[in-house]
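Proteins get letters first, then strands, A, B, ... in listed order; numbering begins at 1 in each. The figures here come from the full heavy-atom set of this structure, side chains too, leaving out hydrogens, waters and symmetry mates.
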Protein chains: 4
Amino acid sequence: MKKVELNKKKKQDALLNTAYQLFTEKGFQKTSISDIVNEAGVAKGTFYLYFKDKLDIRYKLIAKKSAEVFKHAYQELQKQSIDHFEDQLIFIVDQVIGALNANPTLLKLISKHLSWGMFKNSLVEPIDDAQRNIYDIYMDLLKNSGHEFDHPEVMIYMIIEMVAGSCYNVILTGEPVSVDELKPYLYQSIRLIIQNHIL
Amino acid sequence: MKKVELNKKKKQDALLNTAYQLFTEKGFQKTSISDIVNEAGVAKGTFYLYFKDKLDIRYKLIAKKSAEVFKHAYQELQKQSIDHFEDQLIFIVDQVIGALNANPTLLKLISKHLSWGMFKNSLVEPIDDAQRNIYDIYMDLLKNSGHEFDHPEVMIYMIIEMVAGSCYNVILTGEPVSVDELKPYLYQSIRLIIQNHIL
Amino acid sequence: MKKVELNKKKKQDALLNTAYQLFTEKGFQKTSISDIVNEAGVAKGTFYLYFKDKLDIRYKLIAKKSAEVFKHAYQELQKQSIDHFEDQLIFIVDQVIGALNANPTLLKLISKHLSWGMFKNSLVEPIDDAQRNIYDIYMDLLKNSGHEFDHPEVMIYMIIEMVAGSCYNVILTGEPVSVDELKPYLYQSIRLIIQNHIL
Amino acid sequence: MKKVELNKKKKQDALLNTAYQLFTEKGFQKTSISDIVNEAGVAKGTFYLYFKDKLDIRYKLIAKKSAEVFKHAYQELQKQSIDHFEDQLIFIVDQVIGALNANPTLLKLISKHLSWGMFKNSLVEPIDDAQRNIYDIYMDLLKNSGHEFDHPEVMIYMIIEMVAGSCYNVILTGEPVSVDELKPYLYQSIRLIIQNHIL
DNA sequence: CATGAATGAGCATTCATTCAT
DNA sequence: GATGAATGAATGCTCATTCAT
C-alpha cells in the first residue's frame with residue numbers, strides 16, 4: 001500500500017473509532033457529524049470523502065464491530081479442543097454473549113441493526129484476505145460436524161434471532177431474568193433446535 | 001362515561017388513527033406532529049393535551065395495535081376447541097403471524113419496539129375493564145394446562161423473541177426462507193422448548 | 001381585519017421590506033435567510049410561516065415592487081389630460097423608466113425576472129380590491145383609444161421587451177448610450193410599432 | 001501552434017464541451033466543478049489551470065456558443081444573394097431564432113447573459129484570426145447598404161433587445177403567442193425601426 | 001378546552017479552492 | 001503541467017414545543 005493510501009485508511013479508521021465512541025456515549029441521533037469530525041480532528045468535508053452520509057458510517061461501524069466480536073469468538077474456539085458441533089456453536093454463542101454483556105453500549109449500537117443480511121454478507125466485505133468469512137466459518141463447522149442437517153440456514157437463523165432477542169433485554173434491563181439465569185435454558189433450547197435439524 | 005370524556009376519547013382516537021396511518025405510510029421519523037394534527041383536523045396544541053410527546057404517541061399506538069392483534073388471536077382460540085397447551089400457544093402464534101404477514105406495515109411499526117416490558121404490562125393498561133390482561137390470559141392457559149412449568153416466564157420470553165425475530169426478516173424480505181417454509185421448523189422449536197420446561 | 005391578521009400582515013411586510021433592503025444591498029445569492037430574519041427581528045422558523053422558500057420571497061417581492069411602480073405611473077397618468085393612446089402608453093413607459101433610473105437597485109432586482117407571466121397576472125394578485133389590475137388598465141386604455149388593434153397582446157409584449165431590454169444596460173452601464181440619448185429613438189420605435197398594429 | 005499548445009487547447013475544449021453538456025442538462029447552479037472534471041476526465045486542479053473560476057467558464061462558454069450561432073447565420077447569408085440591408089439583417093435574425101428554437105437549452109444558457117458588452121466585444125476575442133469579428137460584420141453590412149444611418153449603434157441595440165426579449169418567453173413557454181405567430185410582427189417592427197434610422 | 005402563531009436550536013450536506021506531491 | 005485529498009465556511013430548512021388568546 002502506498003503512503004497516500006495508508007493515510008486514507010488511517011483517517012477512515014479515526015472517523016470510525018470516533019463515531020463508535022460518540023454513538024455509544026450519546027446515541028446515534030444525538031451525535032452530529034460535527035461532533036464526529038471535531039473529535040476526530042478532520043474537516044467536515046473529509047467525512048463525506050469516506051462516508052456517503054450518517055447512516056453509512058453507522059452501517060460500516062456495526063459491520064466492523066460485529067465482525068470483531070465474531071472473529072474473536074472463533075479465535076477463542078480454536079484455542080479449545082471442542083469436538084461436537086453443538087458444543088462449538090454454544091461456545092461461540094457464549095463468547096459473544098460474554099462480549100456483549102461486558103460491553104452493553106456495543107450491544108445497544110448493533111442491537112436492532114444486526115440483520116440476517118449482514119450476517120449472510122459476513123458482516124462486512126473481508127477487509128483482510130487472510131480473514132475468513134463468518135458465514136464460511138459456520139459452513140465449515142457444519143461440514144466437519146459429521147452430521148447432515150435439514151435446512152441449516154433456517155436452523156442458524158432461528159438460533160441467532162432467539163439468542164439476539166433474548167439477550168437484548170436481559171443484558172440491558174435484567175428483565176425478566178438475569179443473563180446467568182437465562183443461559184442454561186437458552187443453551188438447552190439451542191441444543192434441542194440443533195438436534196431437531198439433524199437428519 | 002360522560003359526554004365530555006367521550007369527546008376526549010374521540011379526539012385521542014382520531015389522533016392515534018391518523019398517527020398510525022402516517023407512521024406506516026411515511027415512517028416515524030419522517031412524520032411530524034404537524035402532519036398528524038393537520039390530517040386529524042385539530043390544532044397543534046391539542047396534541048399535547050393528549051400525548052406527552054412524539055414518543056408517547058408511538059408507545060400508546062404500538063400498545064393499542066399489539067393488544068388488538070393478541071386479543072383477536074385469543075378470541076379465535078376460544079372459538080376452537082384445542083386442549084393441549086402447546087397447541088393453544090402455537091395456535092395463537094400462528095394467528096399473530098398471520099395477522100402480521102397480512103399487514104407488514106404494522107409489523108414494521110411494532111417490530112423492534114415490542115419489548116418484553118410492554119408484554120408484561122399487558123401491552124397497555126386495560127382500556128376496557130371487561131378485557132382481560134394478555135399476561136393474565138397466558139397465566140390462565142398455563143394454569144389450565146395440567147402441567148407444572150420450570151420458569152414459565154423464561155420460556156415464554158424465549159419463544160416470543162425467537163418468533164418475533166425470525167418473522168421480522170422473513171415477512172419483510174423473504175430471507176432466508178418464506179414464512180411458510182419457516183413455520184414447521186419454528187413451531188417444532190416452540191414445542192421442544194415447551195417440553196423442555198415441563199417439570 | 002382582526003388583530004391577529006393585522007399582526008401577520010405586519011410581519012410579512014417587515015420580512016419583505018428587510019429582504020428588499022438586503023437583496024438590493026448585497027444581492028440575492030449573497031443574502032441568507034439568516035440575514036433577513038436577524039435584520040427583521042423574527043425567528044428563522046417564522047420566515048417559513050410566510051414564505052415557502054427563498055425563491056418565494058423574491059418572487060413576491062418583485063411582484064410587489066413592480067406593481068408599485070406601475071401603479072404609481074398610472075396614478076400620474078390620471079393627473080394629466082393625455083388623449084391619445086400612444087401618448088398615454090409612452091407617458092407610462094417614461095414614468096417607469098424614470099422610476100427605475102432613479103432606483104437602479106430596484107432595476108437590478110426585477111431586471112431579469114419580470115416575466116410576461118407576471119405582467120399578465122397583473123404582477124400579483126390584487127392585494128387591495130380597490131386597486132385595478134395592471135393588465136386590465138392596459139385593456140381599458142386600448143378600449144378607450146378609439147382604435148381597433150391587430151394582436152394587441154403581441155404589440156404590448158414586443159414593446160415591453162424592447163423597453164425592458166434596452167433600458168437595463170443603458171441605466172446600469174450607460175452603454176451604448178445614455179438614457180436620455182436612447183429615449184427619443186425608443187419612443188419613436190414604440191410609436192411605429194403601435195401604428196403598425198392599428199387596423 | 002505547437003504540440004503542447006494543441007494539447008492545452010484540447011483539454012480546454014474538453015472542459016468547455018463537458019460544461020456545456022452539464023449546464024444545459026442540470027443548470028449552472030446545480031453543476032459543480034467536480035461534476036465537470038469527473039465527466040471530462042481530468043483532475044480538479046487542472047480546471048483551475050484553464051479557468052479562473054466557475055463564472056469564467058460560463059462566460060467563455062456563452063461567448064463560444066453565441067459566436068457559433070452568429071457565424072453560422074452569417075455563413076448562410078453569404079450563400080444567399082440578398083441585396084437590401086433590411087432583408088440581410090432579418091435573414092440573420094431569422095437564422096438565429098431558428099437555431100435557438102431548435103435548441104432551447106442553448107437559449108436558456110445564453111438567455112439572460114448575452115449582454116450588449118459581449119456583442120460589442122464580438123462575443124469573444126477572435127479565437128481564429130481568419131474569423132471576422134461579429135461587430136465588424138455588422139458594420140460592413142451597414143457600409144454596403146448604400147444608406148446613411150442615424151445612430152446605428154442605438155438601432156442595432158434596440159433591435160437586439162427586442163428580438164432577444166421577445167423570443168425568450170415565446171420559445172420557452174409559447175406565451176403569449178407561438179414563434180411563428182410572432183415572427184411577422186417582429187420582422188415588421190424591425191423594418192420600421194431600421195427605416196426610422198435611415199437619414 | 002382549544003387554538004395556531006411564534007420560536008430558535010439544531011444539522012446534514014455542498015462545493016469552490018488550495019497545495020503538497 | 002497534472003493531480004486529488006483536504007479543507008471548512010456557508011446555508012437552507014425542519015420541527016417539537018410553548019403560551020398568549
In this structure, how many angstroms lie between the P atom of F:dT21 and the NZ atom of C:Lys8, rounded? 17 Å
By nearest-nucleotide position on DNA chain E, the 5'-leaning member of D:Asp53 and C:Ala43 is C:Ala43
Between B:Thr46 (side chain only) and B:Val42 (backbone N and O only), is there a donor and an acceptor less than 3.5 Å apart? no
All stems with DNA chain F, defined as three or more consecutive Watson-Crick or G-U pairs under 3.5 Å: E:2-21 with F:2-21
The criterion is side-chain contact (heavy atoms from CB on, under 4.5 Å); which residues satisfy it with B:Asp53, sequence neighbours excluded? B:Leu55, B:Asp56
Residues D:Lys30 and D:Asp35 bridged, charged N to O under 4.0 Å: no
Rounded to the nearest angstrom, tell me the gap between atom NZ in A:Lys10 and atom C1' in F:dA6. 16 Å
Between the side chains of C:Ser34 and C:Lys44, does any donor sit under 3.5 Å from an acceptor? yes
Contacting residues from residues 44-52 of chain B, given that a heavy atom lies under 4.0 angstrom of DNA chain F: B:Lys44, B:Tyr48
Using a heavy-atom distance cut-off of less than 4.0 Å, which residues of residues 14-42 of chain A contact DNA chain E? A:Thr31, A:Ser32, A:Ile33
Atom CG of D:Asp56 and atom C1' of E:dT17 are separated, to the nearest Å, by 14 Å
What's the separation between atom CD in C:Gln12 and atom CG in C:Leu49, rounded to the nearest 0.5 Å? 10.5 Å
Closer than 4.0 Å, any side-chain N/O of B:Lys11 to the OP1 or OP2 of E:dA2? yes
Results of side-chain contact (heavy atoms from CB on, under 4.5 Å) for A:Leu172 - residues two or more places apart only: A:Pro104, A:Leu107, A:Lys108, A:Tyr168
Ignoring hydrogens and angles, write down the donor-acceptor pairs under 3.5 Å from the side chains of residues 15-23 of chain D, residues two or more places apart or on other chains.
residue, atom, partner, partner atom, Å
D:Asn17, OD1, D:Lys64, NZ, 3.4
D:Asn17, ND2, D:Asp13, O, 3.3
D:Thr18, OG1, D:Ala14, O, 2.7
D:Tyr20, OH, D:Asn103, ND2, 3.2
D:Gln21, NE2, D:Glu25, OE2, 3.3

Closest non-hydrogen atoms of D:Thr31 and D:Gly27, given as atom of the first, atom of the second and distance, are OG1-O, 2.7 Å
Could you pull out the closest heavy-atom pair between A:Lys60 and A:Tyr50, with the gap in Å? NZ-O, 4.2 Å
Tightest non-hydrogen contact, residues B:Ala43 and B:Val37, listed as O-CG1, 3.8 Å
With heavy-atom distances below 4.5 Å as the criterion, would you say the side chains of D:Leu109 and D:Ile62 are in contact? yes
